[in-house]
**Student:** 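Below is one structure. I have some questions about it.
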Amino acid sequence: MSTSFESDEQLDTLGMFCPMPIIMTSKRFKQMEIGKVLEVLSDDEGIKQDMPAWCETTGQEFVGLEEEDDGTRQVFKTFVKKIKA
Amino acid sequence: MTTVMTPELAPEAVLNGLQETKTDSVTIVVLSGDMDKAMAAFIIATGAASMGMKVTMFFTFWGLNMLRRKGEKSSAKDWLRRLFGLLNRGGAETLPLSKFHFMGVGTSMMKKVMKQNKMPGIPELMEIAEDLGVRYIACTTTMGLLGVTKDTLIDSVDQYAGVATYLAEAKNGSVNLFI
């Protein structure tokens with residue numbers, strides 16, 4: 001499938017449940033440079049709502065979401081841009 | 001960075017400044033010593049901390065059990081409270097489920113399923129919480145009542161306090177939970 005969003009870094013949270021994806025995202029964000037985009041892979045559908053909510057609360061930018069079926073499960077890719085420290 | 005607000009600033013500027021500097025805070029009273037309820041408490045606490053909120057957890061009654069070190073006996077002087085400490089097991093890894101505990105069989109089955117699904121248990125969640133700066137307050141009244149002494153609690157307890165400390169913290173909070 002074609003990728004419509006570009007990312008600088010990737011974070012794999014496949015197989016993990018809430019709250020791990022957002023905790024790992026927030027940890028990674030602490031090390032990331034401002035302006036970079038992180039792609040978070042998750043198979044927990046809650047991420048579709050949780051990631052925009054995390055961005056709104058922390059003041060980071062939610063870039064977009066892609067859904068993909070890898071044959072065994074649905075994979076949700078969320079793209080988040082670090083816009084502040 | 002400190003923002004100094006001066007009276008000659010326009011009201012919108014003051015409001016924006018406040019919104020920028022104000023950190024949302026979450027306070028959670030953990031009364032239950034059940035594994036499932038403790039999981040909910042720590043999932044909310046770690047989630048909030050990772051969203052940049054200041055999180056304080058106040059442990060009282062059975063909730064205090066997860067701050068106790070496993071196998072640690074009560075060092076209370078009188079036999080009644082020492083007996084109580086013996087019957088009331090402590091340790092984050094020993095918490096029972098509120099339902100389907102079945103003398104421990106149900107709880108260990110649940111733990112197995114959680115492990116298979118890479119779900120963190122209470123000890124792991126507590127480690128994450130401490131790492132993210134979640135503050136723990138142990139209720140001194142419960143400690144006295146149940147014969148739990150400071151030396152039998154884990155090192156990550158930030159404060160030993162009572163209701164006034166909790167309320168002083170909670171009145172500034174935007175999210176207050178009782179679990």
Side-chain angles (χ1 to χ4, degrees), chain A residues 9-34 36-63 65 70 72-85, chain B residues 1-3 15-28 30 35-55 57 110-134 173-175 177 179:
Chain A
E9 292 182 34
Q10 210 184 43
L11 176 67
D12 183 353
T13 71
L14 292 170
M16 290 180 189
F17 290 99
C18 171
M20 294 318 289
I22 61 158
I23 288 173
M24 288 170 73
T25 303
S26 97
K27 276 194 176 167
R28 179 66 78 87
F29 256 57
K30 287 192 181 127
Q31 303 157 5
M32 257 170 66
E33 279 171 48
I34 292 174
K36 298 277 189 213
V37 175
L38 179 69
E39 175 181 358
V40 183
L41 303 179
S42 171
D43 54 354
D44 178 10
E45 191 166 356
I47 199 77
K48 286 162 74 176
Q49 300 295 324
D50 274 15
M51 199 55 94
W54 181 83
C55 290
E56 203 189 306
T57 312
T58 54
Q60 305 295 355
E61 186 185 326
F62 183 73
V63 180
L65 164 83
D70 71 355
T72 54
R73 60 188 165 189
Q74 268 208 300
V75 176
F76 305 97
K77 298 178 177 177
T78 45
F79 297 81
V80 197
K81 187 174 184 180
K82 180 164 178 171
I83 52 170
K84 55 176 249 192
Chain B
M1 192 192 78
T2 48
T3 315
L15 187 66
N16 288 341
L18 276 174
Q19 278 168 345
E20 240 171 62
T21 49
K22 184 185 167 282
T23 324
D24 284 318
S25 77
V26 180
T27 52
I28 305 175
V30 186
M35 187 184 93
D36 37 11
K37 292 177 188 168
M39 271 185 71
F42 280 105
I43 288 174
I44 296 168
T46 51
S50 74
M51 289 171 98
M53 301 180 191
K54 180 181 174 240
V55 186
M57 298 177 89
M110 173 63 91
K111 281 185 184 166
K112 196 173 173 187
V113 173
M114 279 165 55
K115 201 159 232 167
Q116 281 168 353
N117 285 293
K118 289 196 225 167
M119 255 182 115
I122 302 300
E124 292 82 22
L125 281 169
M126 285 178 78
E127 211 172 290
I128 298 168
E130 288 152 28
D131 197 38
L132 292 171
V134 172
S174 37
V175 180
L177 299 172
I179 297 176

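All chains are named by letter (A, B, ...) in the order of the sequence lines, taking the proteins before the strands, and each is independently numbered beginning at 1. Quick note: numbers below take in every heavy atom, side chains included, and nothing from hydrogens, waters or symmetry partners. Given the structure is predicted, the values throughout are model-derived calculations rather than measurements.
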**Student:** Which residues pass the salt bridge (charged side-chain N to carboxylate O under 4.0 Å, His left out) test with A/Glu9, sequence neighbours left out?
**Tutor:** A/Arg28
**Student:** Test of understanding: with salt bridge (charged side-chain N to carboxylate O under 4.0 Å, His left out), list the residues that count as partners of A/Lys48, not counting sequence neighbours.
**Tutor:** A/Glu45, A/Glu67
**Student:** If you measure from OG1 on A/Thr13 to NZ on B/Lys118, what distance do you get to the nearest 0.5 Å?
**Tutor:** 9.0 Å
**Student:** Scan A/Thr25, A/Ile23, A/Thr57 and name whichever one has a side chain to side chain contact (heavy atoms under 4.5 Å, CB included) with B/Ser50.
**Tutor:** A/Ile23
**Student:** Report the distance from atom CG of B/Leu125 to atom CE of A/Met20, rounding to the nearest 0.5 Å.
**Tutor:** 8.0 Å
**Student:** Taking CD in B/Glu127 as the centre, count heavy atoms belonging to other residues, nucleotides or ligands within less than 6.0 Å. Is the count above 12?
**Tutor:** no
**Student:** Does atom CD of A/Gln31 have more than 12 heavy-atom neighbours from other groups under 6.0 Å away?
**Tutor:** yes
**Student:** Against chain A, label B/Ile128 side chain, backbone, both or neither, depending on which of its atoms sit under 4.5 Å from a heavy atom there.
**Tutor:** side chain
**Student:** How about CD on A/Gln10, more than 12 heavy atoms from neighbouring residues, nucleotides or ligands closer than 6.0 Å, or not?
**Tutor:** yes
**Student:** So for B/Met51, is it side chain, backbone, both, or neither that comes closer than 4.5 Å to the heavy atoms of chain A?
**Tutor:** both
